[in-house]
Amino acid sequence: MSRRPLLAGNWKMYLTSGEAVRLAKAVAAISQKHVDRDVMVAPSFTSLAAVAAELKDSDVLVGAQNVAWEQEGAYTGEISPRMLTDLGVQMVIVGHSERRHIFGEDNAMVNQRLLAALDGGLVPVLCVGETLDERESSATLQTLEAQLCEGLENVTSAQAEQVVLAYEPVWAIGTGKTATPKQAQEVHHFLRQLLAGLFDKKIAEAVRVLYGGSVKPDNIDELMAQPDIDGALVGGAALNVDSFARIVHFT
Ligand code: PEP
């Protein structure tokens with residue numbers, strides 16, 4: 001089965017609304033060249049409306065960086081799925097390592113957010129990844145299994161096919177250290193096996209698994225050559241149009 005590559009930019013807490021619109025416009029121009037891959041950008045909440053409006057007639061998908069587990073209510077500081085779809089947002093990142101490690105989001109909370117995203121008509125990008133301590137103490141697979149299985153609890157088979165996974169080793173995010181293509185491939189294969197166990201082989205083959213962690217123009221081609229790597233979730237290199245263009249144009 002061939003999975004459609006997805007190149008996604010996580011703009012984190014960078015760019016004002018005007019800066020984000022300018023970058024979005026440039027990303028739309030570079031993405032136009034391709035019909036065989038998806039491109040997504042995830043600006044901060046304050047730029048979402050303007051970026052979604054800018055990309056309305058383009059092929060670039062718009063993602064949010066998190067989502068609440070209720071459609072509305074007394075949840076100060078949170079943004080609901082309904083508020084996102086109202087702006088034309090199609091995807092949402094959940095369980096990013098910065099949410100887990102800086103803001104204390106655990107697997108149960110990530111699962112609630114993911115279920116709400118699916119119920120609200122958003123495609124969730126579920127991030128999983130081990131810390132350096134976990135890798136060095138041989139706890140990588142155990143950590144990933146807990147993050148995946150608990151993160152996907154109560155997801156139906158019909159919903160599972162829509163989910164996108166992102167393997168982002170915490171030690172590789174924003175550090176300049178990338179997992180080798182071989183290390184990433186091993187984990188992606190393991191995640192696909194877990195999906196087959198949780199759902200079935202067909203779903204495991206259909207779900208896109210992105211790699212994230214210091215993806216750059218000079219390592220994208222090698223990463224994308226791995227059979228179980230279906231795209232990239234890119235932080236730093238997505239903030240510069242030239243480097244993101246090279247990533248989108250991977251060969
Ligand atoms: C990320 O934010 O998901 C990420 C992978 O960041 P970077 O590419 O900067 O390591």
Side-chain angles (χ1 to χ4, degrees), residues 6-24 27 38-55 60-71 75-129 147 151 162-170 172-174 208-215 231-240 244 247-248:
L6 169 62
L7 293 311
N10 172 14
W11 293 352
K12 308 196 187 195
M13 198 176 73
Y14 292 102
L15 310 177
T16 61
S17 191
E19 290 163 347
V21 167
R22 279 195 289 283
L23 182 56
V27 170
D38 290 331
V39 177
M40 183 268 265
V41 295
S44 62
F45 286 123
T46 54
S47 303
L48 270 176
V51 168
E54 177 63 39
L55 296 176
V60 181
L61 300 161
V62 181
Q65 297 176 18
N66 210 350
V67 68
W69 53 83
E70 295 288 349
Q71 297 301 335
Y75 296 95
T76 302
E78 292 286 322
I79 308 286
S80 77
R82 192 166 151 258
M83 292 168 176
L84 295 177
T85 52
D86 177 56
L87 297 180
V89 172
Q90 297 117 318
M91 304 184 78
V92 62
I93 298 168
V94 292
H96 190 279
S97 76
E98 287 149 17
R99 298 303 317 172
R100 292 177 187 268
H101 297 288
I102 303 173
F103 300 100
E105 295 194 13
D106 61 12
N107 289 335
M109 186 186 284
V110 172
N111 174 245
Q112 280 188 288
R113 294 190 189 277
L114 179 133
L115 291 170
L118 286 166
D119 284 348
L122 292 160
V123 171
V125 180
L126 171 62
C127 301
V128 298
Q147 289 176 339
Q162 299 162 43
V163 173
V164 175
L165 291 184
Y167 168 53
E168 299 208 301
V170 179
I173 297 180
R208 291 182 288 183
V209 187
L210 315 182
Y211 170 77
S214 299
V215 173
L233 182 54
V234 187
L239 291 168
N240 174 285
F244 193 58
I247 289 166
V248 168

Discussion item. Could you work out, with side chain to side chain donor-acceptor pair (under 3.5 Å) as the rule, every residue matching Gln90, not counting sequence neighbours?
Written reply: none

Item to complete: Taking all non-hydrogen atoms of both residues into account, name the closest pair between Leu233 and Ala166 and its distance.
Response: CD2-CB, 4.0 Å

Worksheet entry | All side chain to side chain donor-acceptor pair (under 3.5 Å) counterparts of Glu105, not counting sequence neighbours | Asn66, Arg99, Arg113

Discussion item. Are the side chains of Val27 and Leu55 in contact, using a 4.5 Å heavy-atom criterion?
Written reply: no

Worksheet entry | Any residue meeting side chain to side chain donor-acceptor pair (under 3.5 Å) with Ser17, in chain and number order, not counting sequence neighbours | none

Item to complete: Check side chain to side chain contact (heavy atoms under 4.5 Å, CB included) between Asp119 and all other residues, then give those that pass, not counting sequence neighbours.
Response: Gln159

Fill in: Partner residues of Asn111 under the side chain to side chain donor-acceptor pair (under 3.5 Å) criterion, sequence neighbours left out
none

Worksheet item: Are Leu23 and Val41 close enough, and set up right, to give a side-chain contact (heavy atoms from CB on, under 4.5 Å), and what steps lead you there?
Response: CA-CA 10 Å; Leu23 182 56; Val41 295; over 6 Å; no

Fill in: Set of residues satisfying side chain to side chain contact (heavy atoms under 4.5 Å, CB included) with respect to Asp38, sequence neighbours excluded
Arg4, Leu6, Leu61, Arg208

Worksheet item: Listed by chain and number, what are the ring-ring contact (aromatic ring centres under 6.0 Å, His included) partners of Tyr167, not counting sequence neighbours?
Response: His188

Worksheet item: Got a sec, which residues hit side chain to side chain contact (heavy atoms under 4.5 Å, CB included) with Ala172, two or more places apart in sequence or on another chain?
Response: Pro169, Tyr211

Worksheet item: Can you tell me if Glu168 uses its side chain to pair, donor with acceptor, with the backbone of Val128 under 3.5 Å?
Response: no

Worksheet entry | By side chain to side chain contact (heavy atoms under 4.5 Å, CB included) - contacts of Leu239 (at least two apart) | Trp11, Tyr14, Leu15

Sequence neighbours left out, cut at 3.5 Å: what donor-acceptor pairs do the side chains of residues 82-89 make with other protein atoms?
unit_1 : atom_1 : unit_2 : atom_2 : d
Thr85  : OG1    : Pro81  : O      : 3.2
Thr85  : OG1    : Arg82  : O      : 3.3

